[in-house]
Amino acid sequence: MEQTYFQRALSDFVYDVASGGAIRHLADLGYTVKQIQEKLAFPTPYERIRNTVWKHLLDTGVIFRENPAGAEEKVEYVREYNQYGKASFRRVTMPVSPSESRESCLLCCFGPLKMKDPERFKEVLGALEREQAEYIEGLPWGTERVFYRPNRRMLDIYHALARAGLSEGVCYFQELR
């Protein structure tokens, strides 16, 4: 048991050193999973890249599994110094005012669509440019809808779907409160 735990930890460390940082960096630059796989110097399985990109999008607040405006308080960390100059951090929670919690997100249902209606999913991908479709196909959307903070890429995808009349129920704006 301890041997497999150690091997897994070592494998994860080697993966992060060899590929993880590069994958996260390339994802931040806007590369698709397929483009990332082509750019990497160290051979990395496609599925592992997908999962790393997805986790990075979740960790950086680009994608949320639950409504991000559902939070009723905001957390901040305040740096304080003791009498000897040693720094420490104190967690401070503050209520979120109604005006602060208003923002728009794209509600993306690509995963449920792919599972429930593969033909419509193909139609949706066909309405997108090659790189946009590659981006959508490259992410492991799962079976639930997700909230996606609008960025240039997702806004372009949304507009392409809206022009084709395919955005309803797939990718649409929702004001969060």
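Basis for what follows: all heavy atoms, side chains included, without hydrogens, waters or symmetry-related copies.
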Expected output: side-chain Thr60 to main-chain Leu58 donor-acceptor under 3.5 Å: no
Pair Asp59 + Lys55, salt bridge at N-O below 4.0 Å: yes
Expected output: side-chain Arg24 to main-chain His56 donor-acceptor under 3.5 Å: no
Flag if over 12 foreign heavy atoms under 6.0 Å of CZ, Phe121: yes
Donor-acceptor contact below 3.5 Å, side chain Glu137 vs main chain Glu134: no
Phe173/Tyr158 aromatic ring centres below 6.0 Å: yes
Within 6.0 Å of NE2 in His25, more than 12 heavy atoms from elsewhere: no
Residue that, paired with Asp156, satisfies side-chain contact (heavy atoms from CB on, under 4.5 Å) out of Gln132, Glu129, Glu131: Gln132
Atom CZ of Arg65 with >12 non-hydrogen neighbours under 6.0 angstrom: no
Glu80 versus Ser88, side-chain donor and acceptor atoms under 3.5 Å: no
Lys NZ or Arg CZ of Arg153 over Tyr135 ring: under 6.0 Å, within 45°: yes
Donor-acceptor contact present, side-chain Trp141 to main-chain Ile136, <3.5 Å: yes
Salt bridge present between Arg50 and Glu47 (N-O < 4.0 angstrom): yes
Chi angles and distances behind the side chain to side chain donor-acceptor pair (under 3.5 Å) call for Tyr15, Thr52: CA-CA 10 Å; Tyr15 167 74; Thr52 301; 2.4 Å; yes
